[in-house]
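Data block below; observations after.
Heads up: numbering here begins at 1 and tracks the sequence. Worth saying up front: this structure is predicted, and the values here are computed from it rather than measured.
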Amino acid sequence: MRKYYCIIITILFTGLLSCSNEETKMKEQVASRPTVPVLASEVQIGTQVWMTKNLNVSRYRNGDPILQVANSAQWANLTTGAWCYYNNDPANGPIYGKLYNWYAVNDPRGLAPIGWHIPTDGEWTTLVSFLGFPDVAGGKMKTTGTLQAANGLWRSPNAAATNSSGFSALPGGYEADNGSGSFLLDRNGYWWSTTEFGSLRAVARILSYTNGGVSTLEFFKDNGFSVRCIKNQ
């Protein structure tokens with residue numbers, strides 16, 4: 001009987017030790033990873049979890065359709081949420097996502113999926129700070145390769161691009177607020193924040209093929225930019 005109890009105790013102790021070792025390994029892995037995919041479409045960067053693709057939805061979270069506007073002149077006069085494809089080409093959607101005006105970003109029905117939200121200016125700043133200074137963080141966010149090398153979608157030279165963060169930023173360009181159309185595909189990427197700058201503008205982040213920095217500027221809300229989501233904490 002004593003031998004039986006000794007065997008049971010040994011098995012339980014071994015199991016607990018194994019679980020403890022496994023938990024320690026997991027903690028070490030989490031602590032040492034700046035970017036580890038949680039799912040195929042997610043990446044952990046510091047304490048944040050970001051989507052690795054731009055948003056490509058045509059409905060709000062509650063199921064209501066978001067207005068698609070293909071006419072540039074009509075786009076320029078909007079004061080409610082809308083989206084378009086770059087150059088009105090549906091082939092750009094699966095690659096770059098849709099372009100949304102800020103009114104769609106701010107719509108109370110919710111543009112981001114359940115469990116996610118559009119980042120504030122402060123959350124963008126947290127991301128950039130974790131990756132270093134604004135003049136180097138962009139390179140860590142951009143996908144590598146160039147159009148000329150046929151293994152990337154950024155125009156050459158795609159300066160400083162390493163994508164070491166796993167953010168996988170692509171140059172989706174933008175839809176102009178003045179009704180003149182779409183511009184800068186393969187050169188620049190623009191991403192909205194939810195933070196307003198006065199009544200007519202909102203804060204956005206920009207990455208460029210010419211450098212490895214991240215720029216912060218305020219744009220009129222009727223511009224069409226990409227949207228990237230961050231997971232709720």
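Tracing side-chain contacts under 4.5 Å through hydrophobic residues (I, L, V, M, F, W, Y), one reaches Leu153 starting from Leu185; they form part of the same cluster. Under a hydrophobic clustering in which Ile, Leu, Val, Met, Phe, Trp and Tyr are joined whenever their side-chain heavy atoms come within less than 4.5 Å, directly or via other members, Tyr174 and Leu67 fall into different clusters. When the side chains of ILVMFWY residues are joined at heavy-atom separations under 4.5 Å, either directly or via intervening members, Ile45 and Trp191 end up in a single hydrophobic cluster. Leu78 and Phe183 end up in different hydrophobic clusters when Ile, Leu, Val, Met, Phe, Trp and Tyr side chains are linked at under 4.5 Å.
Cys84 has its side chain within reach of Glu175: a pair of non-hydrogen atoms, C-beta onward, lies under 4.5 Å apart. Two residues are said to be in side-chain contact when any heavy atoms from C-beta on lie closer than 4.5 Å; Leu217 and Tyr190 fail this criterion. A heavy-atom distance below 4.5 Å is found between the side chains of Ile95 and Leu170. At least one side-chain heavy atom of Met141 sits under 4.5 Å from a side-chain heavy atom of Leu127. By the 4.5 Å heavy-atom criterion applied to side chains, Leu55 and Leu111 are counted as neighbours. Taking 4.5 Å as the limit, every side-chain heavy atom of Thr216 sits out of range of all side-chain heavy atoms of Ser193. Side-chain contact between Val43 and Val49 is absent, with no heavy-atom pair separated by less than 4.5 Å. Counting heavy atoms from C-beta outward, Ile66 and Tyr60 have side chains that approach closer than 4.5 Å.
Residues Gly81 and Tyr103 come closest through the heavy atom pair N-CB, 3.5 Å. In this structure, Pro171 and Tyr96 approach most closely via the heavy-atom pair O-CE2, 3.6 Å. Taking every heavy atom of both residues into account, Ala76 and Gly179 meet most closely at CB-N, 3.5 Å. The two residues Ser226 and Gly172 make their nearest non-hydrogen contact at OG-CA, 4.4 Å.
Geometrically, Arg228 engages Phe167 in a cation-pi contact defined by less than 6.0 Å to the ring centre and at most 45° from the axis.
Looking only at distances, a side-chain donor or acceptor of Asn92 sits under 3.5 Å from a matching main-chain atom of Tyr86. Here the side chain of Ser164 pairs no donor or acceptor atom with the backbone of Thr162 at under 3.5 angstrom. Looking at Arg61, its side chain never comes within 3.5 Å of a backbone N or O of Arg109 through a donor-acceptor pair. With hydrogens and angles disregarded, no donor-acceptor distance shorter than 3.5 Å links the side chain of Asp121 to the backbone of Val203. The backbone N or O of Ala176 sits nowhere less than 3.5 Å from a side-chain atom of Ser180 that would complete a donor-acceptor pair. At distances below 3.5 Å, at least one donor-acceptor pair connects side-chain atoms of Glu123 with backbone N or O atoms of Thr120. Under a 3.5 Å cut-off, the side chain of Lys142 and the backbone N or O of Ala159 do form a donor-acceptor pair. The backbone N or O of Ala161 sits nowhere less than 3.5 Å from a side-chain atom of Asn158 that would complete a donor-acceptor pair. Asp186 places no side-chain N or O within donor-acceptor distance of the main-chain N or O of Trp154, the cut-off being under 3.5 Å.
The structure places CZ of Arg205 at 7.5 Å from CH2 of Trp124, a figure rounded to the nearest 0.5 Å. Rounded to the nearest 0.5 angstrom, Ile118 CD1 and Cys229 SG are separated by 4.0 Å. Taking CG from Leu99 and CG from Asn223, the interatomic distance works out to 10.0 Å, rounded to the nearest 0.5 Å. Within the model, atoms OG of Ser165 and CZ of Phe130 stand 9.5 Å from one another, a figure rounded to the nearest 0.5 Å. Between the NE2 atom of His117 and the OG1 atom of Thr194 there is a distance of 7.5 Å, given to the nearest 0.5 Å. Taken from CH2 in Trp75 to CG in Asn178, the straight-line distance is 12.5 Å, to the nearest 0.5 Å.
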request  = Apply the test side chain to side chain contact (heavy atoms under 4.5 Å, CB included) to residues Val57 and Tyr100: give CA-CA distance (whole Å), side-chain angles for both, the deciding distance (0.1 Å), then the verdict.
outcome  = CA-CA 10 Å; Val57 298; Tyr100 300 90; 3.5 Å; yes

request  = Begin from the C-alpha positions of Asn163 and Ser168 and carry the test side chain to side chain donor-acceptor pair (under 3.5 Å) through to its verdict.
outcome  = CA-CA 6 Å; Asn163 198 29; Ser168 302; 3.2 Å; yes

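With 3.5 Å as the limit, one finds a donor-acceptor pair spanning the side chains of Asn62 and Asp64. Side-chain contact of Trp192 with Asn101: a donor-acceptor pair under 3.5 Å is absent, judged by distance alone. No side-chain donor-acceptor contact under 3.5 Å links Gln68 and Ser58.
Checked against the 6.0 Å centroid threshold, Phe219 and Phe225 count as a close aromatic pair. Proximity of the aromatic rings of Tyr85 and Trp83 is defined here by a centroid distance below 6.0 angstrom, and this criterion is met.
Looking at Glu196 and Arg201, no side-chain N of the basic residue comes within less than 4.0 Å of a carboxylate O on the acidic one, giving no salt bridge. Salt bridge Asp177/Lys221: absent, no basic N to carboxylate O contact under 4.0 Å.
Here the rule is side-chain hydrogen bond (donor to acceptor under 3.5 Å, both in side chains) with Lys231, and of Gln44, Gln48, Glu42 only Glu42 fits it.
Residue Phe197 qualifies as open at atom CZ: its count of foreign heavy atoms under 6.0 Å is 12 or below.
Evaluation of the side-chain contact (heavy atoms from CB on, under 4.5 Å) rule for Leu200 yields Phe220 as partners, not counting sequence neighbours.
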